[in-house]
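Proteins come first, then strands; the chains are lettered A, B, ... in the order of their sequence lines, and each starts at number 1. Because the structure is predicted, anything quoted here is derived from the model rather than measured.
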There are 2 protein chains.
Amino acid sequence: MKLTTKGRYAVTAMLDLAIHYGEGPITLADIAQRQGISLSYLEQLFSRLRKQALVSSVRGPGGGYSLGKEAREIFIGEVIAAVDENMDTTKCHGAHNCQNNERCLTHDLWSDLSDQIYTYLNNISLQDLMDRKAVREVAERQEHGEVDASVLDQVSSPAGV
Amino acid sequence: MKLTTKGRYAVTAMLDLAIHYGEGPITLADIAQRQGISLSYLEQLFSRLRKQALVSSVRGPGGGYSLGKEAREIFIGEVIAAVDENMDTTKCHGAHNCQNNERCLTHDLWSDLSDQIYTYLNNISLQDLMDRKAVREVAERQEHGEVDASVLDQVSSPAGV
DNA sequence: GAAATCTTGACTAATTTAGTTGGGAAAGTA
DNA sequence: TACTTTCCCAACTAAATTAGTCAAGATTTC
């Protein structure tokens, strides 16, 4: 298990898809603009996400990407794992015969720890993330007696938070 | 929050210190040999660990490093944070005024997630890790009709494969 | 058939990780 | 004092990963 900006990009992009669910396929160009990620880099990431069936694609005009499953069925851990590929953190690849037994112990230990984080992340779905943020957005909008959702594109108010 | 092999090296080395606690200062050369990490790289890592007071050092012959606190007071999250330094994953550095609010939302979101993982790791102490492994070791040793605890200190020498 | 969009692969640049080198400085020991 | 062992530190190199670019093609819609 690795946790880097690469995984963050993937999760962010997936969340973008989730937010715009129901609007038909979303183009990578849109996501690139909204999330400030390079289009070509997104292409690489989505190539992997697609192979894991986390997204589905439609070509041609009006095409784009959609979530491969319901937002509540897609978990953060899956998304990160999809773009991270090699997770074998141990040098001995589970052979347990590195230079001495003690060393292997720490290998096992780390992979245990890794698994736990992975399990943890696999209990948070995209829907969970959306719900969490949605609540906060609504709360903030109400507090400021704000208008409709389009305000989101202008405001960045230093209202604390 | 980042989770890479660098952090793993740091945790592994700290665990090595914890295991040999009570034997006086442990030299980096010993750790390097036992854990298969380059000595100079360990020096870099320990420089940071020392600045965070996670370890204390003694120079000269018979010198080396010891844990800066009790094993049960040192948490994995601390160790990883110490060697990882920059954890500001957001491009806007909390300014909340990137290109639009939505983008900042995902930033916040990721940092929330990051915090949760960090919190999680900050609930696991070196002692916890030791206990966990100790249990397994004992179980395995008993199953194989093996010797006593001091075995741990010998196996690190050429005896084992 | 033209435009929009995904799909693929090869390439480059920047950053981070990992390791090296070489020189100290402090402390113990003879 | 001389010598050894160890930490300490800074610059350098090498390898890997991340991030991004470029160019060609495949599908679909219009």
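At whole-Å resolution of the value, CG in A:Leu3 and C1' in C:dT16 are 16 Å apart. One atom, CG of A:Leu45, and another, P of C:dT8, lie 14 Å apart when rounded to the nearest Å. Here C:dT7 presents its P atom at 13 Å from CG of A:Leu42, a figure rounded to the nearest Å. Between the CD1 atom of B:Ile31 and the C1' atom of C:dG19 there is a distance of 17 Å, rounded to whole Å. Protein atom CZ of A:Arg48 is 15 Å distant from nucleotide atom P of C:dT7, rounded to whole Å. Put simply, OH on A:Tyr9 is 12 Å from P on D:dT18, counting in whole angstrom units. Nucleotide D:dT18 holds its C1' atom 11 Å from the CG atom of A:Asp84, rounded to whole Å. In this structure, CD of A:Gln35 is placed 17 Å from C1' of D:dA19, rounded to the nearest angstrom.
Classification of B:Lys69 and B:Glu78 as a salt-bridged pair holds, one side-chain N sitting under 4.0 Å from a carboxylate O. Residues A:Arg34 and A:Asp16 are paired through a salt bridge, judged by an N-O separation under 4.0 Å between the basic side chain and the carboxylate.
Residue A:Tyr41 has a polar side-chain atom (N or O) positioned under 4.0 Å from OP1 or OP2 of D:dA19. For D:dT18, the OP1/OP2 oxygens have a side-chain nitrogen or oxygen of A:Lys2 closer than 4.0 Å.
The hydrophobic clustering, which links ILVMFWY residues whose side-chain heavy atoms are closer than 4.5 Å, places B:Ile124 and B:Met14 together.
Side-chain contact, B:Thr119 with B:Asn122: no donor N or O sits under 3.5 Å from an acceptor N or O. Side-chain contact annotation: B:Tyr120 with A:Gln116, donor-acceptor N/O pair under 3.5 Å present.
Below 30°, between 30° and 60°, or above 60°: for A:Tyr65 and A:Phe46 the angle between ring planes is between 30° and 60°, a tilted geometry.
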Restricting both atoms to N or O, compile the protein contacts to nucleotides 7-12 of chain D shorter than 3.5 Å, with distance only.
from	atom 1	to	atom 2	distance (Å)
D:dC7	OP1	B:Leu28	N	3.1
D:dC7	O3'	B:Ser57	OG	3.4
D:dC8	OP1	B:Ser57	OG	2.7
D:dC8	OP2	B:Arg50	NE	3.3
D:dC8	OP2	B:Ser57	OG	3.3
D:dC8	OP2	B:Tyr65	OH	2.6
D:dC8	N4	B:Glu43	OE2	3.3
D:dC9	OP2	B:Arg50	NH2	3.3
D:dC9	N4	B:Glu43	OE1	3.1

